[in-house]
Amino acid sequence: MDFSCFGYHPDLESRLTFQEKWVLAWAVLARILSFAKDRGIITSNPCERGGRLYVADRRDKIWTEQDIAAVLSVGSPEIQAALILALWSGQRQGDLLRLPWSAYETPYIRLRQSKGGRRVAMPAGAPLRVLLDATSRRGPVILTNTLGRPWTSDGFRTSWAKTCERAGVSGLTFHDLRGTAVVRLAIAGASVPQIAAVTGHSLKDVEAILDAHYLGRDIQLAEAAVLKLEARTKL
């Protein structure tokens, strides 16, 4: 049986920790049982509400410029659009896959996040505006698959994983683009409130992301800090 449709790829095993293998096995089993339940083969899915087996440590899980360029170089136009939209908006995968064209009115994107219901209104950066303005509106939502239809979560996840594999990018997820967007804004000099206004995080969450996971390990931030200090003093 081909398990790739459930997000499993044999070559991943050598790159996973013991805990990650267990989580992947649980996820695959849960999807198989969900498939069977939907078709009436079984009456209940014991993995449906199993919860998280452990809390993943996303420390250092930041997309570098090289990673981004690699995916853009091999990805389809549909995957490229998803990457750019995520990178410049900092939104979750589910919200982006459902984002309608009506949410975009140059130069702003307005949406209500599914998690928490927070309303976000952000100006689309120049690269994102160029992309959106040049994209054919093949349906009500912005992101579509190669057939011009809205992505399903599983369909997008599978296509994204295959693209990353071709690009030689491992250990990073689409969700990591959300944290990457936060870091990119911080490197550019944006304040915590400014970052929160773009991504829809709470101020506390932005500070936690920057403090606990990324800032202390990013040389670009250290360089930016020193450049600001040099501009203010000669001592």
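Sequence positions, counted from 1, serve as the residue numbers for this chain.
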Legend entry - Non-hydrogen side-chain atoms of Leu87 and Arg184 separated by less than 4.5 Å: yes

Legend entry - Joint hydrophobic cluster, Val130 plus Ile68, side-chain heavy atoms closer than 4.5 Å: no

Between Asp133 and Tyr104 the two heavy atoms that sit nearest each other are OD1-OH, 2.9 Å

Between Ala186 and Leu210, the two heavy atoms sitting closest are CB-CD2, 4.0 Å

Legend entry - Worked verdict on Leu172 versus Cys164 for side chain to side chain contact (heavy atoms under 4.5 Å, CB included): CA-CA 9 Å; Leu172 293 169; Cys164 288; over 6 Å; no

Should Val169 and Leu83 be counted in the same cluster of Ile, Leu, Val, Met, Phe, Trp and Tyr side chains packed under 4.5 Å apart?
yes

Heavy atoms of Ala103 and Leu99 approach each other most closely as CB-CD1, 3.6 Å

According to a hydrophobic-cluster definition based on side-chain heavy atoms being under 4.5 Å apart (Ile, Leu, Val, Met, Phe, Trp, Tyr only), do Leu185 and Val192 belong together? yes

Contacts of Arg138 meeting salt bridge (Lys or Arg N to Asp or Glu O under 4.0 Å) (sequence neighbours excluded), chain-then-number -> Glu78

Are more than 12 heavy atoms, taken from residues, nucleotides or ligands other than Arg137, located less than 6.0 Å from that residue's CZ atom?
yes

Note to self: What I'd like to find out is whether the side chain of Pro150 reaches to under 4.5 Å of the side chain of Leu97, using heavy atoms alone.
What the structure shows: no

For Gly200 and Val120, the nearest pair of non-hydrogen atoms, with its separation, is CA-CG2, 3.7 Å

Trp160 meets the ring-ring contact (aromatic ring centres under 6.0 Å, His included) criterion, sequence neighbours left out, with Trp63, Phe156, Phe174

Practice prompt. For residues Leu203 and Val206, determine if any side-chain heavy atom of one lies less than 4.5 Å from a side-chain heavy atom of the other.
Written response: no

For Ala70 and Ala167, the nearest pair of non-hydrogen atoms, with its separation, is O-CB, 3.5 Å

When rounded to the nearest 0.5 Å, the distance separating CD1 of Ile84 from CG of Leu131 is 6.5 Å

Value for CD1 (Ile62) from OG1 (Thr180), rounded to nearest 0.5 Å, stands at 4.0 Å

Residues passing the side chain to side chain contact (heavy atoms under 4.5 Å, CB included) test with Arg178, sequence neighbours excluded, are Gln91, Arg92, Gln113, His175, Thr199, His201

Check your understanding: Ser89 versus Leu96: any side-chain heavy-atom pair under 4.5 Å?
Key -> yes

Rounded to the nearest 0.5 angstrom, the CG-CH2 distance for Leu177 and Trp88 is 13.5 Å

Value for CZ (Arg129) from OG1 (Thr106), rounded to nearest 0.5 Å, stands at 8.0 Å

Here the gap from Arg112 atom CZ to Asp95 atom CG, rounded to the nearest 0.5 Å, amounts to 11.0 Å

Taken to the nearest 0.5 Å, the spacing of Leu132 CG from Glu105 CD works out to 13.0 Å

Tightest non-hydrogen contact, residues Gln80 and Gly75, listed as NE2-O, 2.8 Å

Trp101 side-chain N/O to Pro140 backbone N/O, donor-acceptor pair under 3.5 Å:
no

